[in-house]
Structures are given as C-alpha cells and as structure tokens.
A.B. asks: 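Sharing a structure with you now.
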Amino acid sequence: MSQTITVQHGDARAQLEEGATAIQALKALEAVRGQIVAARVTTPDGASLQWDLDREVPDGAQVAPIPADSEEGRAILRHSVAHVMAQAVTDLFPGAKWAIGPPVEDGFYYDFDVERPFTASDLERIEARMKELLKEKQSFVREEVTREQALEEFADQPYKREIIELVDEGTIVSNVDAGPGEGEAGDGPPTFTVYRNVRPDGSVAWSDLCRGPHVPGTDRVPAFTLLRSAGAYWRGREDQPMLQRIYGTAWESRKALKQHLTMLEEAKKRDHRKLGRELELVHFPEELGPGLSLFLPHGALVRKQMEDWIRDETLRRGYQPVYTPHVAKEDLWQLSGHLENYAELMFPGMEVEGAAYRLKPMNCPFHIMAFTSRTRSYRELPIRISELGTVYRYERSGVVNGMLRARGFTQDDSHIFCRQDQVVDEVAGCVEFARDLYRAFGLGEPSRVAISTRPEKSIAGHDDKWKAAEQALIDAVAKTGLAYEIDEGEGAFYGPKIDIHARDAIGREWQLTTVQVDFNLPERFDISYVGEDGAKHRPFMVHRALFGSIERFFAVMLESFNGAFPTWLAPVQAVVVPVAPDFDGYATEVADRLREVGARVEVDVADETLGNKIRRAQTSKVPYALVVGGDEAEAGTVAVRPYQGSQRKDVAVGEFSKELAAEIATR
RNA sequence: GCCGAGGUAGCUCAGCUGGCAAGAGCAGCCGUCUUGUAAACGGCAGGUCACGGGUUCGAGUCCCGUCCUCGGCUCCA
C-alpha cells in the first residue's frame, strides 16, 4: 500500500504519494512561478536546506521554490555550469585533476591540475565543448555514498580525496565541493554526495563529489561564458601546488548575461588608471617605482576638496589635527611591535649616522607620541588625534594595482584615546561619520558593515578583553541602526575591527572605512591617563580611517562618477568658450566674475573652431561650458551648456554665478 | 613572491611566418583660416621598437635574463 505525505508552502498544503519529488510538490502547491532551479525544503525538525528539484521530499516539509533569477538561484546555476566546465576539461585534457569549483559573486570558477596552463584558445575549445554538453541534455543525478565509496570512486583525484579527509577531520564542516549539504551534518559517519551527469540514454558522462544542489539538467543553463584563466594556489596557500583556475559566469537569461558583460565593459572603461591619464588627474611614472603615483594639478584639486571636507569635519567633531614625519628610528617600530608583526610589509631600513630608520607603514606610533607628550587627565578624554598621514608599505610586486593597492598612500587617520565607558559612543561616532562621508560623496548608505573578530594569529589581550571589545563594536553599530554581519576570525592581529563598504554607481562594492580597536599599542607604549582617583589608567585606543586611503577613495570616486565629478569636486567647474578670438576679452571677464564667488574656471582661448572647443569641454567632463560671442558680450550673458542636460541661452552672468556658487556650496 | 599574458612616438594602435626605408590617428609645434554648440586645412617634429645578453649574413619580429604593466592567487587602505 502506498503511503501519502503532506507538504506545505506557506499556508498551502498538498497530499502526495510517498516518494514525490520537490518539483512535484511545488507543482501540487501551485508554487512554481517563472524559471526555478531548485527548492528550499524545511524539514519538520526545522532544518532548512537547498534541495534538488528531482529529489524526494520528506513528509511534513515546507517547500519553497528557488527562482533562477535570485542570487541563491544564480549560485546554484553557476555551480552547475562549473561542473559542466570540469566535464569539458576532463574530456579535452585527459588526466586533468580537478579540485574545487564554487560559485562566486557574479560567476564561478573551477580549479584544475593540468600539465600546462590554459591558453586563450584552450578556453575557446572548452567553451565550445561545454555548449555541446549542454545540448546533450544531461541530468544532474544526486547519489549518497559512504566515505569509503567516495574515496574509492575518486581514487585518482587527489584533491577530492583531500577534501574527503578534511571533512573527516572536521576542518571542513560542509563545503560546496564535499559532502553533506548545509545543515545535514548529523550524527554518525559523514555521508557524501556525488552528482552524476547522466545522458538521456542512461550512461554516466561524468561525476563529481559535491554538496549540491544542481539544476535538473544541462538544458537548464540559459546563458554562460568563460572569462579568463589564472593560477591559484590549492586551498589558497602558498605552500600548496598552483592549480589553473578558469573563471566564468552564468545567468538566468541571455539578457542578464549580456547586461553583466556590458557592466564589465563599463567597468573597464571607467578604470581609474585610464581615466586618470585621459583627464590628466594622476600619473604613474615608471621612474617612481611600482605602487607609487602622483597627483597632477587637476587631480590635486579634486583631492584638495576631499581633504578640505575631511579636515573641516574632523575639526567640527572635536578631533585635534597633528602632523608627523614619514620616517622614524627603528627603535620606535621595535617598541610598537611593527618589526615583530608587520616587518614583511615594511620597506627595508636605511641607516643615518649609525642609527637605523624606517619609513612608516602606519601612523599610530606617532599619534601615541602626541598623546604621551604630557600627562593626560581623564577630563581630557576622549582625545581624538587626526592626520592625513602618508604611509609606505612594501606590498608584494604582484598585488599593486594603480591607486587601489599602492605602496605609498595617505590615510585620513585618527586615533581616539578614551575610557572604556566611552568606547561604544566613540565607535558609533566613527560609523556615523563614515555615513555622512558616503552621503557627501554620493555613495549613499553603506552597503555592508562587517565586524571582524579575533583571528588565530593575534597578540596582546586576554580573551575576555577581546570579547568585550568585540561586543563594544557590535553595540556601537547597533546604536547607529545599521545592519551588520560578523566575520569570524577576520580581525587585525591587534584587535577587532569594523569594515564599512559602499556601492558605487555601477553597483560594485568597495571596502572603504575601517574602525579598529587596538589594545596592543597602549600596552606596548604603556600609555595612561590620570583618573578621578588620582591613579593611572590605561586608555582604550580606537583607530579609524574613513576614506580608508585618500588615493583609493579618489580612485573609487573617479570610477564611480566616470570622471564626471559633481560640481563641488570637479577640478574645473566651468570653462568659458569664446566663439571667436574677438570675444576672448569678454570670456576672461566672465571667468573673473565667476572666480569671485570661488568657482574654478578656465577660459579656452585656443585658436580652434567652436565645435572643437565644445568637444574639448565635453570630453574633459567639465560640469559647465559657457559659450560667449557677440550676443552675450552685448547683453552680459552666457550660453550655459552643462555636461549633462540641455543648454540654456541668454543667462545673465550674475544669475549663473549665483547658481554655480549655490551648487558648489552643496558639498 | 607564485601562475599566465603583455611592453613599438606623450596617448591609442598597425607592423604576417626574421629581409630592401619603423608606420597611422590623436596630442605637440609652425603656418593658413577667423569661426555660434562634439574633431577646419597644410606642414614639421617626435621612437637606442622597456633594458641587457644571445642565435643569425640580417632581430621590433626567435631564445635567455632583468625591469615594468595587466589578469588572477595570497594579501589589503
């Protein structure tokens, strides 16, 4: 006799024969809308799991669809495509060993151990082979196996065997490339799942150790493309073999794929190194060395606006500016512990009059020196020392990237010395400050706030001290009302931290602000303040950089605005364009009048056609081109041609100057 | 640092499998033209083909090394 089971979706219920699959349940529950790739099943005991559509659902389960166009759905789709790619590589490169192939943001990758690195034409061949495999309409079939069966099946796949062993020893509890799915790690010996790609005729084309779930079949892959290949260390560790990684992306529709590829193109066009050169903002002469850049006059004007903003705001918020040197004796770095913990990121020393000196990789020790310049009273706290401090870090040659990852950069750095009972308010103040900064620079609200806890390699401080500091950070963020997530073990070696991210105009996320508690340095420098009780107490030290790095933030602004800075930030806010040399005089007059209200204005007096000058104004992305000729000179007006939007003729100079001044004041 | 791809004028690029003279457009400079909303016309100048070795009758082109750039790994502001 056949048993029946009950499934639910929200308030909907359905009775099904025992053995019914997730897709049958969803259909019975009338929960299928659009393309779905898998299901989410909540079992009666409360476990919520991703579930293959063709997998049997348990009695009493809540079943929900995972749509193809959700982030969760895309990840499943992408991971499925990664399997197809691995199958294609196995076909084309006999003997290839495959490692892991997880979905990542906007795509997927799979790592292979092959005889030689992949070439561009290999990628084309692999992609072509993948398209053939998709046409074969293979099904993804889930199978549970024991540890022994898994080890036997993947006997010639050393990386898979290693994953199985890692699961055994608990190093990996659940991994997309290993055994039981999320929440399935129950009692008893670990079980593993294998996904087989089965052809319509029932033959097995390829199998992989995998947690799943997957789309039901290869015909359910609407759009994908391979992007690039690169070397990657197995398990991300330098002491491990280097594998060959192929990156690709897959989407729920051709349209979505195309949009994503367009976004990548757009990002490439906006590259700050490209725009920085074209707009003559920054320069990376090879003569300086890798990771070192300089601001050209126009870039410097943008930077000055950023610096003015942060200087004004720090003053307004009770920070005390200081200036400190770029080098200091090695003894200082010995005392601070940098030579012990940070030496590999410091430039080598230099010797002067028998003493060893080092370029500073951080500003903290100097700010501590500012604090300890005299005895401090509890009445003074919090003391907020701030500086635009340029630091130098010996980044490894393969990692430098324009202004985003440099060897010399300037932090809007502050160290706040306070009592324990002030930490939460001070940290919350930093987070609010960052929020105001993002708003002012057009980035909107933070996209992500991550609190990082104690890492394995950490120093100083007892566990309870770390815990207290971590809690203080959590309380501080909670106070601001922002959502946050916890990154376990991602803190700095000297204390827990908050990283704040923002999204730019084309949706990319950037890590900008960092707020960190440091209880290493106060100990090492043995700093103290005199309390109400007349005794010495150790202050808390909060380190924070809101821009993060001025150079990096500048690059983010440049890319986000695509070089068309808002008027208050723009290096040149208006360019006056005379229609003919006869009107150069009037143009200069107009420029002078605008400069009187503080605007940055240039006059294009070149002996060129008007069309050419307009073009130059447009390509240089100046917010306003002001065209002047006979009519304007006579009437005391300008023809306003904004970078974006339509032109307005016969605007009185006085009127425009008021408008411009008002716009500049919106910073 | 590791894996891969590259480095030809200030910029963007062409120079095929080594062969009679290293090119174009833009930018620059000099002229001509005197201009109403995204490129007027002509001319000139500009390169030890990243650098150093090697193979060859002959190297921008092939080989080796170094430096630098790019995409990743690792890391990170």
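Atom set for the values below is all heavy atoms of this structure, side chains included, hydrogens, waters and symmetry mates excluded. Numbered from 1 within each chain, the chains take letters A, B, ... in sequence-line order. Quick caveat, the model's predicted, so the values are computed rather than measured.
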A.B. asks: Cation-pi between A/Lys621 and A/Phe565: NZ/CZ under 6.0 Å from ring centre and within 45° of the ring axis?
C.D. replies: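 Output no; distance or angle outside limits.
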A.B. asks: Does A/Arg358 make a cation-pi contact with A/Tyr392 (under 6.0 Å, within 45 degrees of the axis)?
C.D. replies: no
A.B. asks: Expressed as a whole number of Å, how far does the C1' atom of B/A45 sit from that of B/G23?
C.D. replies: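 Rounded to whole Å, the distance is 15 Å.
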A.B. asks: Does NZ or CZ of A/Arg303 come closer than 6.0 Å to the centre of the six-membered ring of A/Phe554, within 45° of the ring's axis?
C.D. replies: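 No; the conditions do not both hold, so A/Arg303 does not lie above the ring face of A/Phe554.
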A.B. asks: By the 4.0 Å heavy-atom rule, please label A/Phe118 as base, sugar-phosphate, or nothing.
C.D. replies: nothing
A.B. asks: Provide the closest heavy-atom pair for A/Asn520 versus A/Ser336 in the form atom of the first, atom of the second, distance.
C.D. replies: ND2-O, 3.7 Å
A.B. asks: Using a cut-off of 4.0 Å on non-hydrogen atoms, how would the nucleic acid contact of A/Glu632 be classed: base, sugar-phosphate, or nothing?
C.D. replies: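 Answer is base: heavy atoms of A/Glu632 come under 4.0 Å of a base.
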A.B. asks: Classify the nucleic acid contact of A/Ala230 as base, sugar-phosphate or nothing, counting any heavy atom under 4.0 Å across all strands shown.
C.D. replies: base
A.B. asks: Quick one: A/Leu345 CG to B/U74 C1', roughly how many Å, whole number?
C.D. replies: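 Spelled out: CG on A/Leu345 to C1' on B/U74 is 12 Å.
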A.B. asks: Please measure how far the P atom in B/U12 lies from the corresponding atom in B/C73, and state the result in whole Å.
C.D. replies: 26 Å
A.B. asks: Does the aromatic ring of A/Phe547 sit over the six-membered base ring of B/A77, closer than 5.5 Å centre to centre and tilted less than 30°?
C.D. replies: no
A.B. asks: How would you label the contact of A/Gly611 with the nucleic acid (heavy atoms, under 4.0 Å): base, sugar-phosphate, or nothing?
C.D. replies: sugar-phosphate
A.B. asks: When the C1' atoms of B/G15 and B/C20 are considered, how many whole Å apart are they?
C.D. replies: 16 Å
A.B. asks: What integer number of Å spans the P atoms of B/C68 and B/C30?
C.D. replies: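 Their P atoms lie roughly 38 Å apart.
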A.B. asks: Here's one to test your reading of the geometry: is the NZ or CZ of A/Arg245 within 45 degrees of the ring axis of A/Tyr110 and under 6.0 Å from its centre?
C.D. replies: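 The answer is no; the distance or angle limit is not met.
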A.B. asks: Heavy atoms from C-beta onward define the side chain here; which of B/C76, B/U37, B/A38 lies closest to that of A/Thr619?
C.D. replies: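 Out of B/C76, B/U37, B/A38, the nucleotide with an atom closest to A/Thr619's side chain is B/A38.
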A.B. asks: Rounding to the closest angstrom, what is the interatomic distance between B/C26 and B/G72 at atom P?
C.D. replies: 34 Å
A.B. asks: Please report the distance separating the C1' of B/C49 from the corresponding atom of B/G42, rounded so that it comes out in whole Å.
C.D. replies: 29 Å
A.B. asks: Check every strand shown and say whether A/Gln618 touches a base, only sugar-phosphate, or nothing at a heavy-atom separation below 4.0 Å.
C.D. replies: base
A.B. asks: Return whichever of A/Ser397 or A/Ala606 has its heavy-atom-nearest nucleotide of RNA chain B closer to the 5' end.
C.D. replies: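 Final value for this comparison: A/Ser397.
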A.B. asks: Say we look at B/C2 and B/G65: how far apart would their P atoms be, to the nearest angstrom?
C.D. replies: 12 Å
A.B. asks: Please measure how far the P atom in B/U61 lies from the corresponding atom in B/G6, and state the result in whole Å.
C.D. replies: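 Between the two P atoms, the distance is 14 Å.
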